[in-house]
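Notes to accompany the following structure.
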Amino acid sequence: GSDLSVIAKATAGKNIVSCIRYSPVALKTDTPEEMREKTEEAIRIFGSDENLCFSCVGIDGDVPVEKVKEYLSMFRKETK
């Protein structure tokens, strides 16, 4: 996979949306805790999820829709 820190540094301060891809195999097999850990690390590297998008490349019928929903729920959390 890509080194997200290199991409984050290259796009810092620019209005560029970076698309991050969660491996379809990992999406199918990772626990919710593993998914959260990996996703939070990517968000931490970029500073927020404001300029991140989710890539759906490779997600097919073998990946349960519940796993995709779980992954997507980790983004755009409202803070108080």
Side-chain angles (χ1 to χ4, degrees):
S2 298
D3 184 335
L4 296 182
S5 63
V6 171
I7 297 164
K9 287 175 188 170
T11 60
K14 299 178 172 94
N15 191 19
I16 297 173
V17 175
S18 297
C19 201
I20 59 173
R21 179 178 178 268
Y22 202 98
S23 160
V25 173
L27 192 61
K28 186 169 43 175
T29 60
D30 282 0
T31 66
E33 294 78 23
E34 290 169 322
M35 291 168 52
R36 184 163 311 285
E37 183 179 296
K38 291 175 183 178
T39 301
E40 287 176 354
E41 176 65 8
I43 292 170
R44 185 196 64 72
I45 289 169
F46 281 89
S48 77
D49 65 359
E50 197 169 311
N51 283 335
L52 294 179
C53 72
F54 167 68
S55 171
C56 58
V57 172
I59 296 175
D60 57 23
D62 290 337
V63 179
V65 70
E66 295 80 18
K67 297 288 278 208
V68 177
K69 287 181 179 181
E70 177 74 26
Y71 177 65
L72 294 176
S73 75
M74 298 175 194
F75 292 94
R76 304 292 196 281
K77 297 207 180 254
E78 291 188 32
T79 58
K80 295 183 181 181

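Applying the side chain to side chain contact (heavy atoms under 4.5 Å, CB included) test to S48 and every residue at least two apart in sequence or in another chain returns E50. Residues passing the side-chain hydrogen bond (donor to acceptor under 3.5 Å, both in side chains) test with T11, sequence neighbours excluded: none. Judged as a salt bridge (Lys or Arg N to Asp or Glu O under 4.0 Å), and not counting sequence neighbours, the contacts of E41 are R44. Here V65 pairs with K69 under the side chain to side chain contact (heavy atoms under 4.5 Å, CB included) rule; sequence neighbours left out. Considering only residues two or more places apart in sequence or on other chains, Y71 meets the ring-ring contact (aromatic ring centres under 6.0 Å, His included) condition with Y22, F54, F75. Judged as a side chain to side chain contact (heavy atoms under 4.5 Å, CB included), and not counting sequence neighbours, the contacts of S5 are D3, I45. Annotation: side-chain hydrogen bond (donor to acceptor under 3.5 Å, both in side chains) contacts of K38 (sequence neighbours excluded): D30.
Residues R21 and P24 come closest through the heavy atom pair NH2-CD, 3.1 Å.
At most 12 non-hydrogen atoms from other residues, nucleotides or ligands lie less than 6.0 angstrom from CD of E37.
Contact annotation: the side chain of L27 approaches that of V68 to within less than 4.5 Å [non-hydrogen atoms, C-beta and beyond].
Note on V63 and V25: separate hydrophobic clusters, where clusters join Ile, Leu, Val, Met, Phe, Trp and Tyr whose side-chain heavy atoms are under 4.5 Å apart, directly or indirectly.
Sorted by first and then second residue, the salt bridge (Lys or Arg N to Asp or Glu O under 4.0 Å) pairs with a member in residues 55-68 form an empty list; sequence neighbours excluded.
T39 contributes no side-chain N or O that, together with a main-chain N or O of R36, makes up a donor-acceptor pair within less than 3.5 Å.
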